[in-house]
Amino acid sequence: MREAELKQLKQQFGIVGNSLPLNRAIEVAAQVAPTAMTVLVAGESGTGKESFSKLIHSLSPYKHGKFIAVNCGAIPEGTIDSELFGHEKGAFTGATEGRKGYFEEANGGTIFLDEIGEMPLGTQTRLLRVLEYGEFIKVGSSKIQQVHVRVVGATNLDLLEAVQQGKFREDLYYRLSTVPIRIPPLRERGEDISLLFRKFATEFADKYYVKPIRLSEEAEESLLQYRFPGNIRQLKNLVEQISVLEVDRTITQEKLNHYLPQGQPTLPTLYHPPYSGQQIPEKEILYRILFDMRKDMDELKGLVLDLLHAHHPDADSQGAIARFKNPRQSMQVIDTHPPSPRSTAQPAQNLGSENLSIELHERKLISQALEKHKQRRRKAAESLGISERTLYRKISQYGLE
């Protein structure tokens, strides 16, 4: 693409910058626009993906039709099918009349599906049908409708990773990414940051009837080194804030640092997808609780075995372990009359070999720990090496309340 054509496209769609990755993305978008191919625009949040979708629409055979932008991540899962494909009257509670979906409205034009990685799997299946055969069915209907529409998808997620995690259909991924376009983040665009700063400063000066702000050399160097995790959107908000609040229109490095969020890294870091909001199933929570209880019991058993071995080194350890595995056998040697707190506080060496029941020793150890720490259960649990929850359960079990 000639430099003059590239410059004209930038001016037409408000794209500012001269970095090589940005120019390459514009060239790919301009080359694929005249075709009917599906395009996937990938880039971090705030990099200007919608501007590229409008560029593709304006240079395509669909430019005389509608351009409809849809944020898939902002539509609830229960209504997204109705929003995209429409519904018939009575299709669900509250559907008092039929409604056209976005695909039907955009027929003959372009539909831009932003945050397509957040689309539910069921809706992905419907979308694949549209891309493959140009047809869809309204919610609550059995009639197949034809649609001729250009689809441009956009995402800030790694869709290939989402495919591997089972959150995105593999066939839809390859159908969408026929021509992928990557929008570079602001931190990879070098001097474009300064150009965008001056552009926004001029716009906000006209908007608020003030003189445009400008950066000192030190402040500009500091701005270029900043990572900008929010990309162009973050830079624009920063310039607007400074334009409104600062009286002195020359911004020093000290003033700029006051507006930049503290603690932000200046080097690229690994990208982590946003939390999907998926709740942990109730069954999994119960499993975790039971696992924790089992772990506490194992810790307590190990503690008692260590004490038994310390006070009775010649005792049959296999017999003690057998008592753990067969509690009923252990219960046969327990006195039916529980010992008084005074008797449970006696030293462990007074215990005879006939009273080696695990339950009896547990009761005595817990009673000793409670007495030692003056009934402070947290301290007692720490000294026993068990959780406070396990201690509460044992106190109730042995009637030590």
Side-chain angles (χ1 to χ4, degrees), residues 1-17 22-43 47-75 80-88 97-116 119 123-124 126-139 141 143-155 172 174-183 232:
M1 178 180 291
R2 291 180 298 179
E3 186 176 350
E5 295 176 347
L6 187 63
K7 184 177 181 180
Q8 182 181 358
L9 285 176
K10 290 179 182 179
Q11 292 176 346
Q12 182 178 353
F13 297 99
I15 301 175
V16 177
L22 179 67
N23 289 342
R24 177 57 183 163
I26 296 174
E27 290 175 356
V28 173
Q31 289 174 349
V32 74
T35 70
M37 299 173 69
T38 303
V39 180
L40 179 65
V41 183
T47 52
K49 295 186 288 294
E50 187 168 346
S51 298
F52 279 80
S53 65
K54 291 178 179 179
L55 184 154
I56 293 171
H57 171 69
S58 67
L59 300 179
S60 73
Y62 303 86
K63 62 183 178 181
H64 299 295
K66 291 183 179 180
F67 174 86
I68 297 180
V70 182
N71 189 330
C72 299
I75 304 177
I80 189 170
D81 284 355
S82 172
E83 293 289 329
L84 291 178
F85 307 107
H87 63 260
E88 296 289 353
E97 58 184 3
R99 177 185 178 279
K100 288 184 177 181
Y102 292 129
F103 273 96
E104 189 173 357
E105 291 286 351
N107 192 21
T110 302
I111 185 167
F112 173 58
L113 300 177
D114 197 10
E115 296 188 25
I116 197 170
M119 182 179 289
T123 310
Q124 292 177 28
R126 286 172 169 260
L127 175 60
L128 183 63
R129 188 76 182 178
V130 174
L131 296 178
E132 292 286 352
Y133 304 104
E135 60 186 32
F136 68 94
I137 301 176
K138 285 186 175 183
V139 177
S141 173
K143 180 181 178 182
I144 298 175
Q145 294 187 228
Q146 296 293 323
V147 66
H148 186 61
V149 65
R150 175 73 170 275
V151 176
V152 179
T155 180
L172 179 59
Y174 289 112
R175 187 65 178 80
L176 284 171
S177 59
T178 306
V179 180
I181 299 176
R182 178 183 178 271
I183 312 300
I232 299 175

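- Under a cut-off of 6.0 angstrom, the local environment of CD in E3 is sparse, with at most 12 non-hydrogen atoms contributed by other residues, nucleotides or ligands.
- The minimum heavy-atom distance between L40 and T155, with the atom names listed, is CD1-CG2, 4.2 Å.
- Side-chain contact check for V147 versus E104: every heavy-atom pair is 4.5 Å or farther apart.
- In this structure, the side chain of R150 engages the main chain of M37 through a donor-acceptor pair within 3.5 Å.
- Atom CG in L128 sits 8.0 Å away from atom OH in Y133 (nearest 0.5 Å).
- Side-chain N or O atoms of H87 include one that pairs as donor or acceptor with a backbone N or O of E97 at under 3.5 Å.
- Between atom CD of residue Q124 and atom CG of residue L131 there is a gap of 11.0 Å, rounded to the nearest 0.5 Å.
- A salt bridge links D81 with R126: the closest approach of a Lys/Arg side-chain nitrogen to an acidic carboxylate oxygen falls below 4.0 angstrom.
- Taking 4.5 Å as the limit, some side-chain heavy atom of K10 sits within range of a side-chain heavy atom of I26.
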What do the steps show when you test K66 against N107 for side chain to side chain donor-acceptor pair (under 3.5 Å), and what is the final call? CA-CA 8 Å; K66 291 183 179 180; N107 192 21; over 6 Å; no
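- Not one N or O on the side chain of R182 forms a donor-acceptor pair closer than 3.5 Å with the backbone of A25.
- Nearest heavy-atom pair across Q12 and S58 is NE2-OG, 4.4 Å.
- A 4.5 Å side-chain heavy-atom check between F136 and I144 finds every atom pair outside the cut-off.
- Counting heavy atoms from C-beta on, the side chains of L176 and I116 come closer than 4.5 Å.
- The line from NE2 of H57 to CD1 of I68 is 10.0 Å long, rounded to the nearest 0.5 Å.
- A distance of 14.0 Å separates CG of L59 from NZ of K54, quoted to the nearest 0.5 Å.
- Between the side chain of K49 and the backbone N or O of D114, no donor-acceptor pair lies under 3.5 Å.
- For the pair F103/L127, a side-chain contact is recorded, criterion being any heavy-atom separation below 4.5 Å from C-beta on.
- Ring-plane geometry between F67 and F112 is classed as parallel, the angle between the planes falling under 30 degrees on a 0 to 90 degree scale with a further cut at 60.
- Distance check: L6 CG to R24 CZ gives 11.5 Å after rounding to the nearest 0.5 Å.
- At a threshold of 4.0 Å, the pair R99-E88 does not count as salt-bridged, since none of the basic side-chain nitrogens sits closer than that to a carboxylate oxygen.
- L55 is listed as a side-chain neighbour of I15, based on a closest heavy-atom distance under 4.5 Å.
- Heavy atoms only, all atoms of each residue included: E83 and I75 are closest at CG-CG2, 3.8 Å.
- In terms of modelled atom types and a separation under 3.5 Å, the side chain of Q145 and the main chain of E135 share no donor-acceptor contact.
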Start with the C-alpha distance between V70 and L84, add both sets of side-chain angles, then the distance that settles side chain to side chain contact (heavy atoms under 4.5 Å, CB included), and finish with yes or no. CA-CA 9 Å; V70 182; L84 291 178; 4.0 Å; yes
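- The two residues I232 and T47 come nearest to each other via the heavy atoms CD1-O, 3.6 Å.
- Put simply, the side chain of I183 reaches to within 4.5 Å of the side chain of V41, judged on heavy atoms.
- Across every non-hydrogen atom of K138 and F85, the tightest pair is CG-O, 3.2 Å.
- In this structure, S53 and V152 approach most closely via the heavy-atom pair CB-CG1, 4.0 Å.
- The environment of CD in E132 is crowded: more than 12 heavy-atom neighbours from other residues, nucleotides or ligands sit within 6.0 Å.
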